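Heads up: the structure comes next, in C-alpha cells.
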Number of protein chains: 4
Amino acid sequence: MAAATRLFSERGYDRTSVQEIVEAAGVTKGALYHYFGSKDDLLHEIYGRLLRLQQDRLDGYADADEPVEARLRRAAADVVVTTIDNLDDARIFFRSMHQLSPEKQKQVRAERRRYHERFRDLVAEGQRRGVFNAATPPDLVVDYHFGSVHHLSTWYRPDGRLSPQEVAEHLADLLMRALRP
Amino acid sequence: MAAATRLFSERGYDRTSVQEIVEAAGVTKGALYHYFGSKDDLLHEIYGRLLRLQQDRLDGYADADEPVEARLRRAAADVVVTTIDNLDDARIFFRSMHQLSPEKQKQVRAERRRYHERFRDLVAEGQRRGVFNAATPPDLVVDYHFGSVHHLSTWYRPDGRLSPQEVAEHLADLLMRALRP
Amino acid sequence: MAAATRLFSERGYDRTSVQEIVEAAGVTKGALYHYFGSKDDLLHEIYGRLLRLQQDRLDGYADADEPVEARLRRAAADVVVTTIDNLDDARIFFRSMHQLSPEKQKQVRAERRRYHERFRDLVAEGQRRGVFNAATPPDLVVDYHFGSVHHLSTWYRPDGRLSPQEVAEHLADLLMRALRP
Amino acid sequence: MAAATRLFSERGYDRTSVQEIVEAAGVTKGALYHYFGSKDDLLHEIYGRLLRLQQDRLDGYADADEPVEARLRRAAADVVVTTIDNLDDARIFFRSMHQLSPEKQKQVRAERRRYHERFRDLVAEGQRRGVFNAATPPDLVVDYHFGSVHHLSTWYRPDGRLSPQEVAEHLADLLMRALRP
DNA sequence: AATGAATGAGTGTTCATTCAT
DNA sequence: AATGAATGAACACTCATTCAT
C-alpha cells in the first residue's frame, strides 16, 4: 500500500500499472492479488485509511467540551495539518475519486458526506447561537473551507516557506474571520 | 472538442478512448488526427480555451476604474459564475492536469501563475491601502479562494437550490468578510 | 526524387512516410501523387535511374576496342566509382529491393540480370581466351565482385582515407589478381 | 524466434507484423511480450545468435596451429558455409541492420567490428610474413570477401547447381588467388 | 502463501491513398 | 496542376487479471 500510494500520487491511478506497484513493493503479482482483490481495491483501501483518520480527528474536536468557535477552529486547522501530513493520500483522494468502481465510489461518498455533515453542524450551531454570521448557508461554508483543503495537494510544498501549522493557522483564521458576525 | 470535453469530464481523460471521442463526434480517427496531433493535444486545447477565457475576464475586472474592494469582489464572483458556466472544462482542468505531457503542463502552469498573480496583486493592493486585513499572506488568500472555485466542479449541480449567481455572491461574501480589517 | 532518395537512404523505404517526402521536397501530397502513381513508383524510378546509368557505362566499356583484360578491369573499377558517386541510390538498391511490388521487382531483376550477364560474358571471354583462370564459374566471379560493390554502401565513408578512385583501383586489382591464370 | 526469423527473412522486418509472428508461432501477443520486450528485441536476438555463432567459428580457425594461409582459407570458406546454412538469419542481418534501434545497432556494430578485426589480422599477418600480396590494405581485403558473403543471401538458392561447400571452395579460392604475392 | 506465464481485449497512433474542390 | 481534408485498416504495445503449479 505504501508503494501504491506513492505511485498513484506521483503519476495518477490509471498511469500506474500493477506491475510497477509490485516491483516497487518488491513482491509479485500473485502475492498482491492474494491480498487485494483488484487494483481498485488498493485504491479503496487508501481512501478508507484517510477517511477514517479524518473522521476520527473531526469527531474528537467536535465532541470536545469547548465553545463552538473553539471547536470549529481547531477542527478547521487540524484537517489542514492532517492533510499536509498525508499529502499523497490527499492528492489521490481528490484526483482519483472517479476512477473508483461505482459501488465503491458510492460508499466513499457516503462516508465523506458524514464527515461533511459533522463539520457543517458545527457551523450551523455557531450560526444558531449567533456567534457566526448566518448570511451564508452552512453547507456552502463547509465547501468553501474544504475547497481550500482539497487545493493544498496542488500547491503545498514541504520545502516551502510556511510550515503545516502556519498554513493551518492562516486558513483557520480566514474561515473564522469569514464567519464573524 | 465538444465531444472530447463532455467525455473527459464524465469519465476522466485516461478512461476516455480516442475511439469513443470520434464515435461521439461522428468523425473518424484519421480526421481527428488530421487536426490534433495527439489525444494530449485535445486536452491542451481545452485547457487553453478555459485559461484564456478566465484571464480575459480577470483582466477586465482588475483594470476597471473602481476601488480595489469592488474590483476584487467582482473578479471573485465572476470566476465562480464562469467556472459554473463551464463546469465540464473546469472539472477536466482540476482533475487532469497531471495527465498532460510534461512540457504542456509547464506551459499551462505558467499561464495559471500569471492568472494567480494578477488576482494576488489585487489582494496585496487592498492590504497596502489598508482596506483589507493584512494578517494573511496574499498568495494564501488566493489559494483559499481558488480552492473553493476548484471544488465547485465536485459538488455543484445545475439542478441544485442555488443559481450560479447566488453561489458566486455567497463565495465572494465569504472572501470579502475574511479580508475585512 | 532527390528528397525521396535522401530519405529512403537515411531511414529506409518503410520508415519514410509520404508526408516526410513532400515536406522535405516542399510540395504537397496531391502534387506528388499527380506525378507518381504511388510511393512504390518513386522507389522504382530510383532503381531505374541507377540501373540505366550502370548499364550504359558497362556497355561503353564492354564494347571498347581493347583486350578483354583491359575492358573487364575498367568496367570493374568504374562500377565502384559510380556506386560511390551514387551511394544513396546504391544503399537503397541493395536494401529495399524486397519492398518493391512483386511485378516491379521482377522487372528490376530482369534488368539486373542483363547487367550481370554482360559482365559475366567478359569474364567468360577472358577464360576462353586463356587470359583468365577458368577454375571458377564466371557467374560466381561476378557475384564475388558485385558482392563487394554492394557492400560499399555499408562501409564506405566519403570522409575516409581512400578516394573513390583508390578504392576502385584496389578492388579491381583484387579481381584481376583473383583471375590470373 | 523461428517464426520471426522466417517471416523477417521472407518479407522484411518492417513488413512483418507482430500479429503475423504470433499467429505463425501459435502463441498470443501477450505471451510474446512476456518474453521479448519489443519487436526490436526479437530482431536483436536473431542478430546476437548469428554473431555469436560466426565469432566462435572464426576464433576456432584463427587460433589453430597452422600456417596463416591455411587458417585464413579455412575461415574464409567456413563463413560461406555457415552463412548458407543460416541463410534466413544472414538475409535479415544484411537487410535489417538499420531497422534496429540506435543503441542496439551500436552494440551489433561493435561485435561485428571485433569479427572484422579478427579476420583482418589474419590477412595482415600473412602480408607481414610475405605469404600474401601486400598491395591491398587488409581492411579492404576483408570488405571484399565479406561483400561476397553478404551477397550470398541475395543470389544463393539451396536448389541451385552448387552445394554450400562448392561455393565456399570457389570463394575461398578467389580470395586466396587475389592474395597471392 | 505465493509464483509468473499467459490471456485477449484494448490503447493511441500512423499512413498510403483518394477525391471534391 | 494542385490542394489538403478525410479515410479506414493496420500498427506496436499495454495491462488487469487468471490460474496451474
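Chain identifiers are assigned alphabetically (A, B, ...) following the order of the sequence lines, protein sequences preceding nucleic acid strands; residue numbering begins at 1 within each chain. These numbers come from the heavy atoms of this one structure, side chains and all, not from hydrogens, waters or symmetry mates. Keep in mind that what you see is a predicted model, and the values were worked out from it rather than measured.
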Would you mind reading off the distance between D/Leu42 atom CG and F/dC13 atom P, rounded to a whole angstrom? 10 Å
B/Tyr33 has an atom OH; how far is it from atom P of F/dA10, in whole Å? 18 Å
Side chains of D/Ser153 and D/Arg95: is there a donor and an acceptor less than 3.5 Å apart? no
In terms of side-chain heavy atoms of B/Ser17, which of E/dG12, E/dT13, E/dA16 is nearest? E/dG12
Contact check, side chains of B/His150 and B/Thr83, non-hydrogen atoms, under 4.5 Å: no
Roughly how many Å is it from CZ in C/Phe36 to C1' in F/dA2, rounded to a whole number? 15 Å
Can you tell me how far P of F/dA12 sits from CG of D/Leu100, to the nearest Å? 15 Å
Between E/dT11 (C1') and B/Ile21 (CD1): distance, integer Å: 12 Å
Can you find a side-chain donor-acceptor pair between D/Gln107 and D/Glu103 that sits under 3.5 Å? no
OP1 or OP2 of F/dA6 sitting under 4.0 Å from any side-chain N/O of B/His34? no
Below 4.0 Å: OP1/OP2 of E/dA2 and any side-chain N or O of A/Thr28: no
Nearest-nucleotide check on DNA chain E, B/Gln19 vs B/Gly30; residue mapping nearer the 5' end is B/Gln19
Over how many whole Å does the gap from D/Glu23 atom CD to E/dT7 atom C1' extend? 15 Å
Check each of D/Phe8, D/Tyr13, D/Phe93, D/Phe94 against D/Tyr47 using the ring-ring contact (aromatic ring centres under 6.0 Å, His included) test, and report the only one that passes. D/Phe93
Across all strands, who's sitting opposite F/dT18 as a Watson-Crick or G-U wobble pair, both distances under 3.5 Å? E/dA5
Rounded to whole Å, please give me the gap between CG in D/Asp14 and C1' in E/dT14. 13 Å
Would you classify C/Tyr35 as touching base, sugar-phosphate or nothing, given that sugar-phosphate means primed atoms plus P, OP1 and OP2, and contacts are heavy atoms under 4.0 Å? sugar-phosphate
Along DNA chain F (nearest heavy atom to each residue), the more 5'-positioned of D/Lys39 and B/Val27: B/Val27
E/dT14 pairs with which nucleotide, Watson-Crick or G-U wobble, both distances below 3.5 Å? F/dA9
On DNA chain F, more 5' by nearest nucleotide between D/Ser38 and C/Ala31 is C/Ala31
Just the rounded figure in Å: distance from C1' of E/dG12 to CD of B/Glu20. 13 Å
With C/Glu20, the salt bridge (Lys or Arg N to Asp or Glu O under 4.0 Å) member among C/Lys39, C/Arg11, C/Arg6: C/Arg11
With a 3.5 Å cut-off and heavy atoms only, can you find an N or O donor on one side and an acceptor on the other between the side chain of D/Lys29 and the base of F/dT14? no
